[in-house]
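Inspection log for the structure reproduced underneath, given as structure tokens.
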There are 2 protein chains.
Amino acid sequence: MKNCSDAWLEKLSLAKNSPIYPKGQFIFMEGSLVMGAYFILKGKVKVISSSLDGKEHTVRLAREGHMLGHTAIGMEKYSIGAVTLTDSQVCFIDNQTLQAAFMENPKFTFEVMRFYSRELRKSEIRTKCLALMNNEEKVILGLLYIADNYLPDPNDNQVEINLSRQEIAQIIGTNSEQVSRVLSSLKKDGLIETHERAILLCDIRKLKEVISHYAFATQY
Amino acid sequence: MKNCSDAWLEKLSLAKNSPIYPKGQFIFMEGSLVMGAYFILKGKVKVISSSLDGKEHTVRLAREGHMLGHTAIGMEKYSIGAVTLTDSQVCFIDNQTLQAAFMENPKFTFEVMRFYSRELRKSEIRTKCLALMNNEEKVILGLLYIADNYLPDPNDNQVEINLSRQEIAQIIGTNSEQVSRVLSSLKKDGLIETHERAILLCDIRKLKEVISHYAFATQY
DNA sequence: ACCCAAACCTGCGATTTCGCAGATATTTTT
DNA sequence: AAAAATATCTGCGAAATCGCAGGTTTGGGT
């Protein structure tokens, strides 16, 4: 992400002093005051948003190199929250420094713009899929979405996922019962295995085939 | 949008020669080759994406000042299509010119980045709502989303919408029958009126109240 | 003014989803 | 290691959604 800026790398390289948040920790909460933006140096993070009735939805997963919270700049409060899914090192950059970095590093700004435009495309694909798919397809989509965010090498065909049924449900907008049902069915078909709470996607390519009639669904 | 660039305004002001697309016309189609990006100078546009089974989904509405198709830069083909909803004047900018404009006008790039980050936030709110809402709420959300894109003044409390039931259904991921049913019910409650095919939202604020328990649902 | 095609409305049965509830399994605490 | 708390799985009836079918209205052309 920041291989685009120059002397600014130094300024930003307070990075090395960035705190490590343990798993399950809030980086910032919905409703808190906006002071700046965050870069993920290491780890996995979920971006969440709540409805008044207490339900919580996971709007996005993020990983190393991703930027968080910048959308809120110009607003008073964050309209989303961010929670670590694994131990994560996160670098905070205040508004003014970030603004100055943008103005003096066009390439950096350009890359951030491209990041957001790609994330927008991904979000739109997700919206479309969640709007058109049935439960089983949504769960598979969710698993693949998580896998994409966890996989080091996109060519790998297996990955282990360590999220609760509830957390998976919040990603695709359903409840834990539905997720359980689909997981049982997928297990019967040999597409996944479960060891204790962990879910092993045995054959990612085959899972993608199941929902392949939704063009671009697997384009994360 | 472009009050951010400088001498480039001239270069880009071939704008004045930009073609006017009649209502219902494709600006670019899913699968066609990527040559550059488009700015909407005047009019309303829908961004669509299809599944293999022929269903079509409207992923985004756009209006004056919005940018289209830039996400695709770096890819070979567009993964989305764009269709005019009203007669619209649209300016085309080829990849190279756009790239150069970005590099020489940091403020311009910055504003485009903010545009995409806001659109991402909007898309995520939409995803959340469509995932959690029932049919009636989705239709209301869709009407308000359309209204937002059509209203000249955000303080107005009334607006007339001229889209078919099918088109509304494609925005919220349902079918025209469901939309009809909900519209009938809203008409009975006096929240909307229909004249011929047009839909008049009589009281936008009251409609927003109906779905207000979804925090931020009306934050477009 | 008439006709035709397309869009719209609405009833109804089939299907899917929902969500509680109880059984089982896993993790944490004592 | 036992007990308590939490998470998961699965059955089942209730509710919502789906999609066809048939009747009605609208828009455009002749």
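To find a chain, count down the sequence lines: A is the first, B the second, and so on, and within it residues start at 1. Because the structure is a prediction, the values reported are computed rather than measured.
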Between C1' of D/dG13 and CD of A/Glu177, the distance in whole Å: 15 Å
When rounded to whole Å, the CZ to C1' distance for the pair A/Arg181 and C/dC18 reads 8 Å
Starting at the 5' end of DNA chain C, which residue's closest nucleotide do you reach first, A/Glu196 or A/Gln178? A/Gln178
Whole-Å gap separating P (C/dC8) and CG (B/Asn175): 13 Å
Using a 4.0 Å heavy-atom cut-off across all strands, classify A/Ser176 as base, sugar-phosphate, or nothing. nothing
Is there side-chain contact between B/Tyr145 and B/Ile125, with at least one heavy-atom pair below 4.5 Å? no
Per atom distances to the B/Asn135 side chain, the nearest of C/dT10, D/dT17, D/dC9 is D/dT17
So what does B/Ser184 hit on the nucleic acid, given a heavy-atom distance under 4.0 Å: a base, only sugar-phosphate, or nothing? sugar-phosphate
Among side-chain atoms of A/Ser49 and B/Lys128, is any donor-acceptor pair under 3.5 angstrom? yes
Rounded to whole Å, CD of B/Gln166 lies from C1' of D/dG27 at a distance of 18 Å
A/Glu167 has an atom CD; how far is it from atom P of D/dT8, in whole Å? 9 Å
Name the orientation class of the two ring planes belonging to B/Tyr38 and B/Tyr78 (parallel below 30°, tilted from 30 to 60°, perpendicular beyond 60°). tilted
Considering only NZ, NE, NH1 and NH2 on the basic side and carboxylate oxygens on the acidic side, decide whether B/Lys206 and B/Glu209 come within less than 4.0 Å. no
Distance in angstrom units between B/Arg197 CZ and D/dT24 P, rounded: 17 Å
Atom CZ of A/Arg165 to atom C1' of C/dC18: distance rounded to whole Å? 19 Å
Given atom CE of A/Met133 and atom C1' of D/dT17, what is their separation to the nearest angstrom? 18 Å
